[in-house]
Amino acid sequence: MHSDNKLWPESHDLTKESLAEGVMLLRAFCREDAPLIYSAVQKVDSVSPFRQMIVPSGHTMSVAMTNTGTFGWTTDRQGYRYTTVDPATGQPWLQMPEILFSLARRAAEAAHFPHFVPNSCLINRYSTRARLSLHQDKNEEDYTQPIVSVSLGLPATFLLGTLRRSETPRRIRIEHGDVLVWGGPARLIFHGVAPIAAGTHPLTGAFRINLTFRHVAEPH
Ligand SMILES: O=C(O)CCC(=O)C(=O)O
Ligand SMILES: [Mn+2]
């Protein structure tokens, strides 16, 4: 009798890969819904267009960003923060489309985080050579909820670090439709994205799109 599946419930499941304690890769989790998710991204872009933001050092990010949800992540020379209004338009960020909210909740649940309530979705658009250097997601001021990271379009090499910046990150290939979830003991891991290789994807063309869902603490 095979007891493997009981001992290692997820190691034989090709679609669910535990990468570290609190880090789960859900391969192809949203591949079928990708066209609908991408339509939602285009709707967000029509309200709050993708823009390349400036970091406090004065550099312009290679990744273009927008947001949907109550809170949107932004940066300028003054620093990183969450806002309820898009600084570029002076209008609130688009309310999070139901398809995105429910996707994030289902993914978190599949990764054993059953109580995720995302109120922020940062959307990253990578063109060729765009990259994201090693960082922690820590502007949320609430680390009890996980991060759900949905990827569409061109593939990427995700840099999966640990809680220490000095440790060399693992290189994980992330493809269209993959969802990566990290939380609990892994909530503050360092991570990043290596430069995107040139290519064309049937859905997103010359881009990689990443949606990062988070729960941001309400201001008090
Ligand atoms: O694009 C990705 O896969 C990661 C994005 C990310 O880490 C972020 O937006 O903070
Ligand atoms: Mn991040």
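One is the number of the first residue; the rest follow in order along the sequence. In listed order, ligands and their atoms are each counted from 1.
Taking the centre and axis of the six-membered ring of Tyr126, the NZ or CZ atom of Arg208 falls inside the cone set by 45° and 6.0 Å. The cationic group of Arg125 lies under 6.0 Å from the six-membered ring centre of Phe50 and within 45° of the ring axis, placing it in a cation-pi geometry.
Atoms of ligand 1 found under 4.0 Å from any heavy atom of His191, numbered from 1 in the order shown, are 7 (O). Every atom of ligand 1 is numbered from 1 in the order shown, and the set under 4.0 Å from a heavy atom of Val193 is 1 (O), 2 (C), 3 (O), 4 (C). Near Asp137, the atoms of ligand 1 lying under 4.0 angstrom from a non-hydrogen atom of the residue are 10 (O).
Taking the six-membered ring wherever Trp is involved, the centroid distance between the rings of Phe158 and Trp182 falls below 6.0 Å.
Taking every heavy atom of both residues into account, Gly69 and Trp93 meet most closely at O-CB, 3.5 Å. Across every non-hydrogen atom of Ser48 and Thr66, the tightest pair is O-OG1, 2.5 Å.
Here the angle at the Mn ion (ligand 2) defined by OD1 in Asp137 and NE2 in His191 stands at 100°, rounded to 10 degrees.
Nearest to atom 6 (C) of ligand 1 among the protein's heavy atoms is Leu132 CD2, 3.4 Å. Of the protein's non-hydrogen atoms, the one nearest atom 1 (O) of ligand 1 is Tyr126 OH, 2.5 Å.
Among the heteroatoms counted here (N, O or S) of His135, NE2 is the one nearest to the Mn ion (ligand 2).
Arg208 counts as a contact of ligand 1, since one of its heavy atoms falls under 4.0 Å from the ligand. At least one heavy atom of Arg214 sits closer than 4.0 Å to an atom of ligand 1.
The distance criterion of under 3.5 Å between nitrogen or oxygen atoms is met by Asn124 with respect to ligand 1.
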